[in-house]
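One structure below.
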Amino acid sequence: MTIRQALLDWYDANQRDLPWRHTRDPYAIWVSEVMLQQTRVETVIPYWERFLARFPTPAALAAATEDEVLGLWSGLGYYRRARLLHRGVREVVARYGGEVPEDRDARLALPGVGKYTAGAIGSIAFDRAEPIVDGNVARVLSRVHRIETPLGVAQTEQRLWEEAAALAEGPRPGALNQALMELGATVCTPRAPRCEACPVRSACAGRDVAERLPVPRKKAAPKEVSVAAVVVRSGGRVWLARGQSALYGGLWSVPMCEHAPAQASLLERHEGLPADEAARSALAEVGIVARLGAVAGELEHVLTHRRMRVRVYRASHARAEAHESLRSVDPSELEEGEIGVSKLTRRILAIGVS
Ligand code: SF4
């Protein structure tokens, strides 16, 4: 039996019952694939169900405001994905009458749609022989073909996409791609792969060295940064500013400012300021005049590439004008998920509002 057939047979017998596997709607599959990037399946399921219930069609999502979209995405992280999905879907509505294009190049031209997402939509929704390579697929293929060059280098990436493309050719390319991902998620796991239960074990060249494959890409150590954040309260409400940074673009956040060390930053940055001056500067930047109070506490927040030490100040509000990028909210509104805020802001408010 070929590797391809072994994968399909195994998938038919062992696939997990996931809600997006009951649809061939390219839009619904697109949403699932975007949500699944960097996020665990169990986490995604309720978000995907809520998102599709609220925005069942591209037209419904295109008509939504960014705030509504980010509100539903709140807690999933990597918010840039949501904004790009929103833009991409708006383009589908504007250019293709709300039908996700079957043509691969047209899909690849949409904002936020790269080779992976285009391939997932193409193979699963349109039954086209388009490859996909995500972390799970890369691991399986690296092991089966014993690829010993590191992930992330051009030679490895090209090989992985070629191997995936060769496998996608033939009947049921969507099922084949999902079989590869499923095998990586459930059997060919990063640690302790269950080779004895693997449908391709007899053809796997890397089985005896599986745990050291794939060779990881070289990682930079997370940057240590210090941040001053200010919870500005007035009459039971707190003031939030809409972040323009690459890190939390589009989300509502308490005013904050990174102040050390002196290196490139994704947040507003003022090098070398003492923390309380950084806090004042954060207020000034968003147009709030307030009396800075005591430090309410500190927290550490770790993102993929950054370890943030956040000092949380309280401030009583003297003057600000609500506008497009500044608003005051009742903290209970945040619990209802109507307003898109990051996990970090939620953690800061838990300290500053208590
Ligand atoms: S035999 Fe083991 S290492 Fe090879 S693909 Fe299967 S689970 Fe992965």
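Atoms within a ligand are numbered from 1 in the order they appear, just like the ligands themselves. It should be emphasised that the depicted structure is a prediction, and the values quoted were computed from it without experimental measurement.
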**Report entry** NZ/NE/NH1/NH2 to OD/OE distance under 4.0 Å, Arg54 and Glu68
**Finding:** yes
Query raised in the report: Please walk me through it: do Arg87 and Glu66 pass salt bridge (charged side-chain N to carboxylate O under 4.0 Å, His left out)?
Result: CA-CA 10 Å; Arg87 275 178 52 202; Glu66 189 171 294; over 6 Å; no
Requested in this report: List for me each residue that meets salt bridge (Lys or Arg N to Asp or Glu O under 4.0 Å) alongside Glu49, sequence neighbours excluded, and say none if there are none.
Outcome: none
**Report entry** Salt-bridge contact Arg306-Glu258 (side-chain N to carboxylate O under 4.0 Å)
**Finding:** yes
Query raised in the report: Is Glu130 paired with Arg107 through a side-chain N to carboxylate O contact shorter than 4.0 Å?
Result: yes
Query - Option among Val227, Ile348, Leu344 that satisfies the side chain to side chain contact (heavy atoms under 4.5 Å, CB included) test with His301 - result: Leu344
Query raised in the report: Excluding waters, which protein N, O or S atoms are within less than 2.8 Å of atom 4 (Fe) of ligand 1?
Result: Cys204 SG
